[in-house]
Amino acid sequence: MSFEERNSLIGIVTDLLVITLFVWQITAQNAAGAFDGPDAYAAWARLVLTMIVVSIAASIAVTILINIALGLITGQKLPPHLVDERDRQIRLRGAQVTLLLTSGVFLGGVGLLAANFSVFAALNVMLSAFAVGTVTGSFTKLALQRGWV
Amino acid sequence: MPTQVTNTIRRLRFDADEMTQADLAARVGVTRQTIIAIEAGKYSLSLELAFRIARAFGRPLEDVFTYHD
């Protein structure tokens, strides 16, 4: 497994964990009525900003843990920090997929607003645009690196 | 990223004292996965890398790579 393959795999796992954390927090806060009052959007924004900081710390911790776990399971040391021309091409393809999906889902959120759905629903769809885009981009990179597509 | 370019890298490695994919990768500065993809015709490599691979075997470019219309 190359350096970039390992990065993609770790990226997928950490992204899914962070998304789960986001969904869990937003639904829990919503159920507790945190987004019902006049400060609903400010409360939502504060939660999202807090979760971004938490998710960065969680990503770093999970990356270290997965690297240790992969090292123990496969018996391999960390792969050399080598990124070649194919890796750069795959990164670009992944970024294109991420951008395409993020834009598409984000526009979906704008569409919800235009169709008179609640601002809260639209904000959550716009937030999920980044999650969908990032995870799909990481899967695309892994699929290209492994030669699945 | 499939390619119209075929190559003789596998045979050349065999002829070069059974050079491994990892050895070739280290010589030309790419990952073993990239050598695997090139050999399988799943990656269209740059001209620069093609020259580096050809030189690793001490062969001209056309002995290693062939373009098919």
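Throughout, protein chains are lettered first and strands after them, A, B, ... in sequence-line order, and every chain is numbered starting at 1.
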Quiz item: Do any N or O atoms from the side chain of A:Glu85 and from the backbone of B:Leu49 form a donor-acceptor pair under 3.5 angstrom?
Solution: no
Quiz item: So if you build clusters from Ile, Leu, Val, Met, Phe, Trp, Tyr with side-chain heavy-atom gaps below 4.5 Å, do A:Val135 and A:Phe130 land together?
Solution: no
Quiz item: Applying the 4.5 Å side-chain criterion to the ILVMFWY set and letting contacts propagate, would B:Tyr67 and B:Ile38 be lumped into a single cluster?
Solution: yes
Quiz item: Got a sec: does the CZ of A:Phe106 have more than 12 other heavy atoms crowding it under 6.0 Å?
Solution: no
Quiz item: Among residues 19-36 of chain B, which residues come closer than 4.5 Å to chain A, judged by heavy atom distances?
Solution: B:Gly29, B:Val30, B:Thr31, B:Gln33, B:Thr34
Quiz item: Do you know the tightest heavy-atom contact between A:Gly147 and B:Lys42?
Solution: O-NZ, 3.6 Å
Quiz item: Does one hydrophobic cluster hold both A:Val48 and A:Trp24, with members joined at side-chain heavy-atom distances below 4.5 Å?
Solution: yes
Quiz item: How about A:Phe120: does its CZ atom have over 12 heavy atoms from other parts shown lying under 6.0 Å from it?
Solution: yes
Self-check item: Exceeds 12 heavy-atom contacts within 6.0 angstrom, atom CZ of B:Phe51
Solution: no
Quiz item: Hey, quick one: are A:Leu127 and A:Val132 part of the same hydrophobic cluster, counting side-chain heavy atoms closer than 4.5 Å, chains of contacts allowed?
Solution: no
Exercise. Determine the minimum heavy-atom distance between B:Tyr43 and A:Gln89, stating which atoms define it.
Key: CE1-OE1, 3.5 Å
